[in-house]
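Notes follow once the structure below has been shown.
Below, read A as the first sequence line, B as the second, and so on, with proteins coming before strands; counting in each chain starts at 1. Since the model is a prediction, treat every value here as computed from it, not as a measurement.
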Amino acid sequence: MSTLDAHAGHHEEGSYLSGPPGIMAKIWQWATTVDHKKIGVMYLFAVLFMFFVGGMAALLVRYELIDPMRDVMVQTVDANGDLVETTATQGENLKDLFQGLGMAGDLTGTQIYNRAFTLHGAVMVFMFIVPSIPASLGNFFLPVMLGAKDVAFPRLNLLSWYIYLFGSTFGILSILMGGVDTGWTFYTPYSTTTDADHWRVVLMVTAAFILGFSSILTGLNFVVTVHKLRAPGMGWFDMPLFIWAVYATSIIQVLATPVIGITLLLLIFERIMNIGIFDPAMGGDPVLYQHFFWFYSHPVVYVMILPAMGIISELLAVHARKHIFGYRAIAFSSLGIAGVSFLVWGHHIFTAMGELAAVLFSGLTFLVAIPTAIKVFNWIATLYKGSIVLNTPMCYGLMFLFTFSIGGLTGLPLATLATDLHLHDSYFVVAHFHYVMMGGTVIAFLGGIHHWWPKMFGKMYSEPGALIGMALVFIGFNVTFFTQFFLGTQGMPRRYANYVDEFQFLHQISTYGSWILGLGMFVHLAVFIHSLVAGEKAPANPWGGLTLEWECESPPIEHNFHHEPIVKHGPYDFETTVPPHWDPKDYPIHPDAGKATH
Amino acid sequence: MSTMTDTNPTDVPQSILKSPKHWRNRIAGHHWRTGDEEFDAAKLGMWLFLTTEVLLFAGIFCGYAVFRMMYPEAWANGSHYLDWRFGAANTAVLLLSSWTAANAVRCAQLDKQFWLRVNIIITIVCAALFIFIKLKFEYMVKLGEGKAPGTFFSYPYAQDPHEPLWWSLYYIGTGIHAAHVIIGAALFGVVLYYAKRYQAYGPTQYTLVENAALYWHLVDLVWIFLFPLLYLIH
Ligand code: HEM
Ligand SMILES: [Cu+2]
């Protein structure tokens with residue numbers, strides 16, 4: 001991978017992946033790099049590792065739920081030959097599992113379950129999904145798509161990466177010490193009193209607190225980069241939509257994260273010094289905690305979904321070779337979502353507020369659906385009459401439209417006061433947010449990784465292999481989570497290890513689905529490893545994209561471009577930039593296009 | 001960076017003049033077209049960072065407002081326990097330091113190296129004075145009387161059961177603010193070191209002085225809100 005491109009001309013600069021000889025020298029180079037591409041790649045592997053950890057916890061949660069816990073009569077024969085009846089609990093699957101491993105200690109089955117789902121939620125939210133797309137693909141492609149050599153503050157970028165590692169270490173430490181059982185939401189007063197003689201909860205909360213700084217610094221860096229480092233000729237409305245989405249995301253990160261920072265800090269003080277602010281026994285107010293928490297955590301769901309929406313805009317336009325429909329509508333709806341997202345946090349705590357406030361929050365929540373729907377309609381219009389190529393990125397794009405729409409639409413009954421009374425804290429909510437977070441963010445992330453994989457690593461992946469993985473993910477995901485809508489409407493509450501027998505059938509199907517989903521992920525992993533080891537060399541522009549990253553080599557050189565690019569066409573001008581008889585893959589048409597001038 | 005005074009380098013020692021860290025020799029990062037762009041970006045970044053600081057303190061102010069509405073008695077008593085004269089003294093100290101911080105920026109722009117250092121030193125001394133007053137005349141005295149936050153509260157003459165909460169907010173608000181004072185002073189310490197060792201700041205290169213001063217003004221501003229809310233309103 002370290003060979004220089006023969007056409008590079010007088011700039012004899014190697015790929016960003018080429019490094020000094022010797023393994024220690026390489027490690028040192030990566031550990032101290034300020035190159036946004038290397039930092040992006042390190043983030044990519046880190047968040048995927050966290051996805052693996054969180055995913056394993058998810059499989060544990062589903063494993064427990066495959067059957068309810070039942071007290072059953074067991075008949076045994078004692079020493080005298082008499083029949084004795086004793087009661088025993090069956091279906092404590094996690095307890096049996098961990099006892100088999102010698103790790104259960106004196107925890108009950110439900111306690112282990114509580115830790116498993118908290119571990120799943122906390123790792124997935126704070127360590128995986130919040131940094132996922134912006135920190136990995138965003139870091140790598142935001143400067144490249146802007147035609148810049150790096151982000152505005154490269155050293156701050158490295159700092160943010162180390163803060164992420166530092167924060168995650170706290171989280172992992174807490175998990176290794178036995179984990180916490182508060183739920184990812186850390187609601188007080190439970191979170192300030194549970195496990196009182198242990199540091200685990202403090203460690204986990206500290207982890208989330210530290211990770212917040214990483215998030216702020218990345219967001220800040222991106223905002224400034226977008227403002228100050230666009231290539232000559234690139235106005236705001238010539239930016240690829242992925243950039244618009246990451247820009248909107250970064251604004252939310254900068255504005256919302258400090259609030260969770262102070263909240264978690266207060267929580268830590270509360271726990272180790274009993275300051276009483278959230279403690280009802282001292283006149284404190286636990287609902288205040290919930291307001292603070294959701295003031296951050298609702299906007300943060302858009303930190304999760306907006307970059308995903310950005311990816312989808314790229315995937316659909318490039319792989320359908322169509323100009324994106326409604327460019328400005330999509331760009332502005334990103335900002336619109338970012339704005340409204342700050343006004344709706346109350347919909348998580350309708351029952352903890354007055355009626356008027358609840359009605360207002362409900363109304364505002366409906367507003368969010370409007371810019372979201374604008375995007376979906378524009379994407380569908382983009383596909384209309386496009387030359388759709390059904391490769392993995394495109395299939396993930398289409399899958400996103402399907403699953404994310406279900407997720408978004410099921411948000412509406414939750415935003416409706418009368419129906420939410422029934423659905424709140426039920427499996428319906430679980431299904432809703434998995435359809436948006438998994439069916440939205442993760443699906444788009446997977447699509448984006450495939451789309452940009454050749455660019456990042458200079459290798460093609462096996463299309464048939466990836467399509468198999470994609471199909472398994474699609475089936476597994478829907479089997480796992482569609483069932484949960486029914487469970488929720490029938491009354492299955494979330495966060496319980498046990499349930500009445502009627503629910504067992506649906507729970508079982510859901511658990512089987514999770515296995516298919518897991519299998520699909522492993523197929524993807526295998527395809528990626530195969531690509532890195534034995535993949536075909538990727539051309540500079542395998543998909544015929546018109547955004548600037550496709551004008552770099554695959555993988556890009558250290559400073560991205562041989563010459564500062566000058567932007568002469570829009571990011572989606574397939575119809576006007578590429579003459580009809582040309583294969584878009586041949587773009588840039590003139591060998592010197594994009595590197596003509598300084 | 002508009003100020004481009006033509007200053008005379010003859011009386012600067014050669015060792016400093018040749019250092020790559022000296023302001024005349026500093027060049028923009030490789031990904032910037034000009035130093036001006038880099039400066040603008042650093043400043044925009046700082047403003048964004050200050051926004052996050054404001055939001056951080058917004059949480060505390062919000063908590064203050066909520067509990068003030070819930071327990072007006074406790075809040076009224078609380079501010080009676082505080083002596084406004086110490087608060088006012090600290091306000092004066094911080095205002096003075098904000099002025100010297102702004103002066104430091106101006107001195108860097110004009111290449112007045114000596115006065116740059118003097119202003120920074122006064123700023124740092126003010127920070128120390130602020131912390132000293134806070135600790136010696138307020139925290140220590142109050143804690144000695146049992147006016148401590150939350151469950152540590154043991155003041156025997158409390159008139160309202162929710163006074164511990166008041167003290168919690170008092171210590172958190174002023175404590176986090178004091179932490180910012182210390183961070184700001186440390187930042188100025190770094191600036192002072194580079195200013196003394198390399199004369200690193202001058203008319204074409206004063207980003208760090210500017211950003212440290214911006215940060216310092218914010219620290220000042222937060223106090224301007226904390227002071228009346230805690231000491232003056234009953
Ligand atoms: C179309 C717009 C959306 C609407 C109207 C909406 C509405 C809601 C409502 C009302 C709730 C609270 C339900 C309850 O607890 O009773 C909720 C929960 C949730 N939503 Fe959404 N939502 C939308 C999009 C999203 C997106 C895009 C994400 C994330 C990517 C998301 C993630 C979540 C999460 C994580 C929860 C549950 C949090 C918890 O209690 O642990 N939502 N949604
Ligand atoms: Cu929400």
Side-chain angles (χ1 to χ4, degrees), chain A residues 34-36 143 148-156 212-213 215-217 219-225 227-229 232 250-251 253-266 269-270 273-279 281-285 287-289 291-292 295-296 558-560 564, chain B residues 28-34 36-67 69-71 73-75 148-153 160-173 175-176 179 207 211:
Chain A
V34 291
D35 178 0
H36 67 100
K149 286 191 198 135
D150 210 321
V151 291
F153 311 118
R155 279 183 298 172
L156 202 64
F213 282 98
S215 184
I216 290 179
L217 293 183
L220 187 153
N221 216 337
F222 286 178
V223 172
V224 178
T225 308
H227 275 269
K228 300 287 180 193
L229 279 172
S250 304
I251 292 181
Q253 280 177 300
V254 169
L255 295 184
T257 319
V259 179
I260 195 73
I262 186 70
T263 310
L264 295 177
L265 205 58
L266 290 174
F269 288 154
E270 180 85 55
M273 302 190 327
N274 294 311
I275 54 170
I277 290 193
F278 299 135
D279 179 4
M282 292 173 66
D285 188 356
V287 177
L288 182 67
Y289 172 84
H291 278 284
F292 277 176
F295 183 83
Y296 161 78
E558 184 87 31
H559 290 124
N560 302 344
E564 184 174 57
Chain B
H30 76 277
H31 56 302
W32 294 102
R33 276 171 227 113
T34 66
D36 283 6
E37 273 183 16
E38 185 172 27
F39 175 76
D40 285 347
K43 217 164 136 173
L44 177 60
M46 194 65 200
W47 277 103
L48 283 170
F49 181 71
L50 295 186
T51 319
T52 69
E53 292 280 13
V54 169
L55 283 156
L56 182 94
F57 281 102
I60 297 171
F61 287 125
C62 185
Y64 172 93
V66 167
F67 288 114
M69 271 190 311
M70 284 166 77
Y71 313 119
E73 291 288 294
W75 253 235
T151 44
F152 298 108
F153 184 81
D160 189 285
H162 295 116
E163 279 175 26
L165 273 185
W166 153 270
W167 290 109
S168 291
L169 268 153
Y170 167 78
Y171 284 109
I172 289 166
I176 294 182
T207 313
N211 279 348

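The contact between A/L288 and chain B is made entirely by side chain atoms (from C-beta outward), counting heavy-atom distances below 4.5 Å. In this structure, chain B has heavy atoms under 4.5 Å from both the backbone and the side chain of A/I277. Residue contact with chain B, scored on non-hydrogen atoms closer than 4.5 Å, is absent for A/H291. At a 4.5 Å heavy-atom cutoff, the contact between B/A41 and chain A is made by backbone and side-chain atoms alike. Neither the backbone nor the side chain of A/L217 comes within contact range of chain B, judged by heavy atoms closer than 4.5 Å. Contact of B/L44 with chain A is made through backbone and side chain together, with heavy-atom distances under 4.5 Å. The contact between B/T51 and chain A is made entirely by side chain atoms (from C-beta outward), counting heavy-atom distances below 4.5 Å. For chain A, the nearby part of B/Y71 is the side chain; its heavy atoms alone come within less than 4.5 Å.
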Quiz item: Would B/F67 and A/D285 count as a side-chain contact (heavy atoms from CB on, under 4.5 Å) if you check the C-alpha gap in whole Å, the side-chain angles of each, and the deciding distance to 0.1 Å?
Solution: CA-CA 9 Å; B/F67 288 114; A/D285 188 356; 4.2 Å; yes
Exercise. Walk me through it: do B/I172 and A/L266 pass the test side-chain contact (heavy atoms from CB on, under 4.5 Å)?
Key: CA-CA 8 Å; B/I172 289 166; A/L266 290 174; 3.4 Å; yes
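No side-chain heavy atom of A/D279 sits less than 4.5 Å from a side-chain heavy atom of B/T151.
No donor-acceptor pair under 3.5 Å is formed between the side chain of A/K228 and the backbone N or O of B/E37.
Counting heavy-atom pairs under 4.5 Å between each of A/G261, A/P154, A/G219 and chain B puts A/P154 at the top. Taking chain A as the reference chain and counting heavy-atom pairs below 4.5 Å, the highest number among B/G45, B/P149, B/G29 is found for B/G45.
For A/I275 against B/L165, the heavy-atom pair with the smallest separation is O-CD2, 3.9 Å. Between B/L55 and A/L255 the shortest heavy-atom distance is CD1-O, 3.2 Å. Here the closest non-hydrogen pair linking B/R33 and A/P232 is NH2-CD, 3.9 Å. Between B/H31 and A/A152, the shortest heavy-atom contact is NE2-O, 3.0 Å.
Taking CG of A/L220 as the reference point, atom CH2 of B/W47 lies at 13.5 Å (rounded to 0.5 Å). We find the CZ-OG distance between A/F269 and B/S168 to be 10.5 Å, quoted to the nearest 0.5 Å. With rounding to the nearest 0.5 Å, the separation of CG in A/L265 from CG in B/L56 is 7.5 Å. Note that CZ of A/F222 is 13.5 Å distant from CG of B/L48, once rounded to the nearest 0.5 Å.
A search for side chain to side chain contact (heavy atoms under 4.5 Å, CB included) contacts involving A/A148 returns A/P143, A/L229, not counting sequence neighbours.
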